[in-house]
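Everything below concerns the one structure shown next.
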Amino acid sequence: MTSTMGGASSRLNYANKVMLAPMVRIGTLPARLLALEYGADVVYCEELIDHSMLQCQRVENQLLDTIDFIKEQAHHPVFRTCAKEKDRVVFQMGTADPERALKVAKLVENDVAGIDVNMGCPKEYSTKGGMGAALLSNPEKIRQILTTLVNGVSIPVTCKIRILPKLEDTLSLVKLIESTGVAAVAVHGRYKEERPRHPVHPDAIKAIAETVSIPVIANGGSGDQIKRYEDLERFREDTGASSVMVARAAQWNFSIFRPDGMLPVDDVIRDYLRYAVDYDNVALNSKYVLQQILQAEQQSPRGQKLLATQSLREMCALWDVVDYYDEVQVRRQSRREELERKKGLSRHEPRLVDGIYTMHVEYIRKEYPSAVSPKTILLDWSRREYLPQPTYLTEKHRSDTKFHSVVTVGDKKYASSFWHKAKKLAEQAAASVCLKTLGLHDGKLQGNTMEAKDDGKRHAEAHGKSPSVDSPQRKKCRTEEAETGEKADACNDNEPEVKTRGESEIQTDAEAKTTEDVQHTLKAAHKVTQNGNVDAEKCNDFKS
């Protein structure tokens with residue numbers, strides 16, 4: 001079979017191709033790119049349900065150079081793609097409604113080469129709601145969905161079906177499908193009730209190919225019929241189809257698409273892991289793909305070690321790709337910092353990013369006295385201002401297990417753009433950003449204190465005098481302090497910092513002096529608004 005890896009036309013052609021079939025949990029971006037590298041002409045993503053996709057927003061991920069479709073507050077995308085596959089990736093959806101199908105197709109239209117509707121999957125997660133193979137008994141719904149899509153998008157539309165018990169019914173169905181204007185039809189040569197252990201029916205696929213004029217894509221030959229690259233052409237000839245689509249045989253070894261022969265499984269796994277690292281694939285998904293490649297080896301000592309892994313880095317270590325993982329993380333951090341600089345994020349001046357006041361601040365524990373931290377200072381300040389206790393929303397990055405935190409004080413949010421290795425470090429950095437934004441000292445030790453003071457000076461020079469409103473609550477607090485002569489309460493976080501091993505339990509004289517200076521700084525810095533927020537007019541939302 002002739003491969004067209006040298007280039008793709010602006011409109012996808014489905015004739016004379018070898019394709020990676022849609023596979024749930026397998027057909028994510030790393031697997032698709034690996035199949036293309038090995039020689040596949042076209043790759044299908046896993047079936048994605050219309051309801052789920054309609055909850056997504058399209059996001060251009062500059063860090064990874066990908067297009068992500070992400071649900072609100074989700075940690076990873078529902079669908080991720082990139083320029084490398086744009087002209088050869090087909091988006092397969094599960095749907096039973098023409099209008100929903102069109103909305104999803106329009107959402108992804110500019111980022112994929114084609115749209116496919118799943119009309120063949122017999123599993124319950126697909127058939128419930130009338131999707132998948134359930135559509136085979138509803139030809140009018142099939143007509144509505146396909147006609148709506150063909151008329152509504154500028155890229156080719158296809159569908160994937162199974163054969164019906166009666167051949168004449170199958171031929172009648174594919175004629176109806178052809179009449180909607182689709183570019184091709186993929187046929188899994190088994191009945192709805194049959195599974196991979198049952199033999200495929202190449203004669204039924206051949207009858208379909210002889211009945212319609214559009215390209216027919218033969219599917220279902222993995223195992224008995226397709227075990228190596230040469231078998232792809234043999235299966236195409238047996239079925240009389242235009243192209244061949246393979247699922248399980250590729251799942252076991254993606255190098256089945258290589259005309260020069262299949263590679264050892266370990267080489268395939270290493271190649272897959274590099275793509276998983278490059279595109280920050282979810283660790284759990286990557287583990288699942290590797291388990292399918294290993295097949296019976298899952299019970300081996302190495303398979304058991306894979307089962308015990310929790311992170312992508314641990315998987316890379318099993319196959320000696322950990323150096324590559326670490327190199328990519330270093331490059332990615334540099335790229336992240338470069339993007340942040342372009343956005344104007346800095347350690348000295350906050351910017352409003354997606355409704356969050358953001359600075360590029362790394363929290364380093366040794367730079368603070370043992371009894372002082374940004375969180376304790378912010379908590380004490382909030383109590384004095386009669387504000388609710390600061391709340392922290394912290395997320396863990398799935399691939400490199402780093403943390404990012406957003407602190408809410410009053411009705412404002414603050415965060416550092418620096419990702420930390422521990423949850424508490426990320427929260428301390430967020431608290432530091434909040435204090436700096438409010439013009440308060442965050443408690444750094446002497447030597448770093450001047451840096452904090454310089455930050456406040458920069459803020460004042462950029463926005464005029466320090467934002468201040470003498471609130472009734474602040475007046476009341478100051479009056480009560482004057483009458484009672486009480487000093488500021490000791491900062492006491494309800495989540496105390498755990499001291500590192502070997503750290504002295506007693507402050508040095510220098511630390512004590514710094515702590516006292518911090519308390520005086522806090523008293524002098526209580527010139528803030530009633531809600532602890534920066535004056536919007538004076539600071540102009542920190543926009544440059």
Side-chain angles (χ1 to χ4, degrees), residues 23-34 46 52 61 63-64 66 68 70-71 73-80 251-252 254 265-333 335-336 362-363 365 392-406 416 418-430 495 497-498 500-501:
M23 291 181 283
V24 172
R25 298 181 68 186
I26 299 290
T28 46
L29 182 58
R32 300 195 305 266
L33 292 177
L34 185 59
E46 60 180 328
S52 180
N61 187 331
L63 185 62
L64 299 177
T66 60
D68 298 345
I70 306 178
K71 289 183 180 179
Q73 297 184 339
H75 293 292
H76 57 87
V78 174
F79 175 60
R80 170 170 285 168
Q251 169 184 298
W252 300 327
F254 288 99
V265 165
D266 284 343
D267 290 350
V268 174
I269 288 178
R270 291 186 189 98
D271 289 344
Y272 171 83
L273 283 170
R274 291 186 185 96
Y275 276 119
V277 171
D278 287 343
Y279 292 96
D280 197 20
N281 199 50
V282 177
L284 189 61
N285 176 255
S286 296
K287 181 195 288 190
Y288 179 80
V289 174
L290 296 187
Q291 287 175 317
Q292 307 315 305
I293 297 175
L294 286 179
Q295 297 184 75
E297 267 197 79
Q298 291 186 52
Q299 303 305 318
S300 68
R302 183 172 56 176
Q304 292 301 303
K305 289 180 180 178
L306 172 62
L307 186 62
T309 59
Q310 298 294 320
S311 69
L312 194 55
R313 190 179 191 278
E314 291 176 311
M315 297 173 213
C316 289
L318 286 179
W319 275 274
D320 299 321
V321 195
V322 70
D323 288 345
Y324 183 81
Y325 177 93
D326 291 339
E327 290 170 5
V328 170
Q329 300 311 313
V330 171
R331 293 199 302 269
R332 188 167 296 159
Q333 181 60 29
R335 171 67 171 162
R336 184 182 287 114
E362 179 183 8
Y363 176 78
R365 184 71 187 91
Y392 296 83
L393 179 62
T394 305
E395 66 171 310
K396 181 180 180 180
H397 205 255
R398 291 178 178 265
S399 64
D400 57 12
T401 65
K402 290 187 178 180
F403 294 83
H404 177 264
S405 187
V406 177
S416 170
F418 189 92
W419 286 70
H420 290 74
K421 292 183 178 180
K423 176 176 179 287
K424 284 193 174 183
L425 299 181
E427 292 176 350
Q428 295 287 8
E495 288 186 19
E497 290 294 317
V498 178
T500 57
R501 187 174 299 172

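Everything numeric in this text was worked out from a predicted model, so none of it was measured.
Taking every heavy atom of both residues into account, Q292 and I26 meet most closely at CG-CD1, 3.7 Å. Shortest non-hydrogen contact noted between R332 and L63 is O-CD1, 3.6 Å. Smallest separation of non-hydrogen atoms from Q329 and V277: NE2-CG1, 4.3 Å. Minimum heavy-atom separation, A429 to S416: CB-CB, 3.8 Å. Heavy-atom minimum distance, F254 versus A31: CZ-CB, 3.6 Å. Residues R25 and E46 come closest through the heavy atom pair N-OE1, 2.8 Å.
Side-chain contact between Q291 and L307 is present, with at least one heavy-atom pair separated by less than 4.5 Å. V268 places a side-chain heavy atom less than 4.5 Å from the side chain of L34. Taking the side chain as every heavy atom from C-beta outward, H76 and N285 never approach each other to under 4.5 Å. V265 has its side chain out of reach of Q295: every pair of non-hydrogen atoms, C-beta onward, lies at least 4.5 Å apart. No side-chain heavy atom of R331 sits less than 4.5 Å from a side-chain heavy atom of R335. Looking only at side-chain heavy atoms (C-beta outward), F403 and L425 stay at 4.5 Å or farther from each other. Using a 4.5 Å heavy-atom cutoff, the side chains of K424 and Y392 are not in contact. Proximity of V330 to D326: side-chain heavy atoms (C-beta onward) are nowhere separated by under 4.5 Å.
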Applying side-chain contact (heavy atoms from CB on, under 4.5 Å), run through Y272 and V321 and close with a yes or a no.
CA-CA 11 Å; Y272 171 83; V321 195; over 6 Å; no

Full working for side-chain contact (heavy atoms from CB on, under 4.5 Å) between W419 and E395
CA-CA 10 Å; W419 286 70; E395 66 171 310; 3.9 Å; yes

Apply side-chain contact (heavy atoms from CB on, under 4.5 Å) to L29 and Y275, showing your working.
CA-CA 8 Å; L29 182 58; Y275 276 119; over 6 Å; no

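Distance CD/Q428 to NZ/K423: 10.5 Å, rounded to 0.5 Å. Summarising the geometry, atom CZ belonging to R270 is positioned 9.5 Å from atom CG belonging to L273; distances are rounded to the nearest 0.5 Å. Here the straight-line distance linking atom NZ of K287 with atom CE of M315 works out to 5.5 Å at 0.5 Å rounding. From L33, atom CG reaches atom CG of D271 across 12.0 Å, with rounding to the nearest 0.5 Å. To the nearest 0.5 Å, the span separating CG on L312 from CG on L290 amounts to 8.5 Å. In this structure, CG on D68 lies 9.0 Å from CG on D280, to the nearest 0.5 angstrom.
Counting only N and O atoms by type, the side chains of K71 and S52 include a donor and acceptor under 3.5 Å apart.
The backbone N or O of G27 sits less than 3.5 Å from a side-chain atom of R32, completing a donor-acceptor pair. Counting only distance, with no hydrogens or angles, the side chain of Q304 and the backbone of Q298 share a donor-acceptor pair below 3.5 Å.
Relative orientation of the H420 and F418 rings is perpendicular, given thresholds of 30° and 60° on the angle between their planes.
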